[in-house]
Amino acid sequence: MKSEAEQHFSRELLSWYRANKRTLPWRVNRDPYRIWVSEIMLQQTRVDTVIPYYERFMDRFPTIRALAEAPEAEVLKCWEGLGYYSRARNLQAGARMVMELYGGEVPDDKTSVAGLKGVGPYTSGAIMSIAFNRAEPAVDGNVMRVLSRYFCLEEDIAKPKTRIGIEKLAVSLIPEGAAGDFNQGLMELGALVCTPKSPSCLLCPVMEHCAGRIAGKEHELPIKTKAKPPRPEHRVAAIIAGSGVNAGKVLVRQRPETGLLAQMWELPHLLLTKEQSYLLAIDGAAANEQAVAGELLTKAVESESGLLIRPRKWFMDAEHVFSHIHWTMRFYLADLGAEDYSIAAESAAAYETGGIDGSGESPSEAVEQPYRWIGPEDMETLAFPNLFLRILREYWD
DNA sequence: AACCCGGGGCC
DNA sequence: GGCCCAGGGTT
């Protein structure tokens with residue numbers, strides 16, 4: 001038997017959502033593919049940020065087949081700037097699974113959907129409830145906050161076990177035949193009314209029976225242990241200007257297939273040891289520091305690219321914070337060593353035929369090409385993390 | 001359970 | 001400048 005508070009919550013939230021829901025691009029119909037893409041993009045990402053990406057993505061990949069058959073680099077480029085880039089690769093892998101296993105249609109089956117790459121407990125519940133109106137929980141940070149407050153739950157929502165418990169509670173609250181609207185209402189309330197910092201309790205449709213507010217704890221809930229601060233990393237990076245056939249271009253490289261910013265392009269850079277960090281002066285223009293950084297960069301980039309690098313001068317500093325790493329980067333302008341001009345030219349020519357080392361491999365046999373000379377026009381095809389986008393735009397302006 | 005994986009907006 | 005995320009994968 002449901003309590004008065006529970007019945008009140010389900011009834012009032014559903015009716016509030018139906019009267020107040022925002023018009024959003026993924027709410028124009030219940031196409032499971034459109035819901036799926038939106039839910040992946042919305043992971044850890046705000047609605048306003050997602051909307052332009054979503055429109056572009058659906059234009060480019062309107063169907064599961066289109067996404068499954070696209071080059072991976074094109075999908076990554078479409079995701080550029082959105083972050084958590086494994087989401088893009090997992091989404092495409094999921095699309096390919098749907099083509100292979102389910103005839104190109106998202107299956108109306110919880111276990112099958114939950115088995116798709118990149119689809120976890122939250123997203124499978126969201127797809128099943130929103131696209132198919134199945135009575136599955138879709139518990140994200142919003143839902144944990146709303147329910148923690150309404151039922152005055154004091155468990156730590158950072159713990160996985162807490163999410164399991166809230167999922168059970170959330171299922172029990174779903175009104176008959178209205179799973180999609182109810183789940184979206186839960187998240188909509190969290191986004192618009194029951195916000196993290198200063199909840200608008202006086203506008204809340206379920207304020208009357210909210211145990212958290214009645215207890216005066218709406219500002220303390222939900223309980224959540226703090227994340228570890230990101231570890232600091234000092235890096236030196238080079239903007240290496242090409243010459244001859246590469247005049248006007250700069251040297252970039254592609255990151256490894258897995259790990260941080262996988263397969264994205266970047267300016268060459270080097271992690272400093274703690275001792276090396278201390279050698280750097282506060283002032284990037286100091287001659288002593290330039291010499292040190294120049295030597296480090298030269299050694300590292302030369303051995304990787306086979307080019308002779310000559311650091312010229314400090315360009316700018318930049319900070320970039322990930323959830324787990326804090327980069328402090330110092331960028332230097334650099335040239336190719338003068339006597340190395342022929343090698344640079346050869347390397348550029350070699351690239352066209354598949355090898356920067358000039359080994360003369362045919363393009364079909366080229367294994368990996370981590371370094372490339374690019375001009376501004378190449379920014380339209382290669383995917384860069386925001387940090388390097390900013391630096392390169394600054395450089396070319 | 002702990003860690004890895006981006007980015008932007010808000011206060 | 002700290003805090004918040006419409007999480008999932010890996011170990």
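All heavy atoms count here, side chains included; hydrogens, waters and symmetry mates do not. We name chains A, B, ... by the order of the sequence lines, and we start the count at 1 in each one.
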Below 3.5 Å, can you tabulate the donor-acceptor pairs from side chains in residues 34-42 of chain A to any protein atom, sequence neighbours excluded?
unit_1  : atom_1 : unit_2   : atom_2 : d
A:Arg34 : NH2    : A:Pro25  : O      : 2.7
A:Ser38 : OG     : A:Ile35  : O      : 2.7
A:Glu39 : OE1    : A:Tyr122 : OH     : 2.6

Sequence-distant partners of A:Lys249, salt bridge (charged side-chain N to carboxylate O under 4.0 Å, His left out), two or more places apart: none
Residue list, salt bridge (charged side-chain N to carboxylate O under 4.0 Å, His left out) with A:Glu55, at least two apart or on another chain: none
By ring-ring contact (aromatic ring centres under 6.0 Å, His included) - contacts of A:His269 (at least two apart): A:Trp327, A:Phe388
Partner set under ring-ring contact (aromatic ring centres under 6.0 Å, His included) for A:Phe182, not counting sequence neighbours: none
Secondary-structure stems, DNA chain B, at least 3 Watson-Crick or G-U base pairs under 3.5 Å: B:1-5 with C:7-11, B:7-11 with C:1-5
With a 4.0 Å heavy-atom cut-off, tell me which residues in [range] come close to DNA chain B, sorted by residue number.
range                       : value
residues 382-391 of chain A : A:Pro385, A:Asn386
residues 177-204 of chain A : none
residues 37-51 of chain A   : A:Gln44, A:Thr45, A:Arg46

Lys/Arg N to Asp/Glu carboxylate O, A:Arg163 vs A:Glu167, below 4.0 Å: yes
A:Lys224/A:Asp156 ion pair, N-O < 4.0 Å: no
Co-members of A:Leu14 in a cluster of I, L, V, M, F, W and Y side chains, linked at under 4.5 Å: none
Chain A footprint on DNA chain B, 5' to 3' - any atom under 4.0 Å from a heavy atom: B:dA1 to B:dG8
Are any protein N/O atoms closer than 3.5 Å to N/O atoms in nucleotides 9-11 of chain C? If there are, list each pair with its distance.
unit_1 : atom_1 : unit_2   : atom_2 : d
C:dG9  : OP1    : A:Gly118 : N      : 2.7

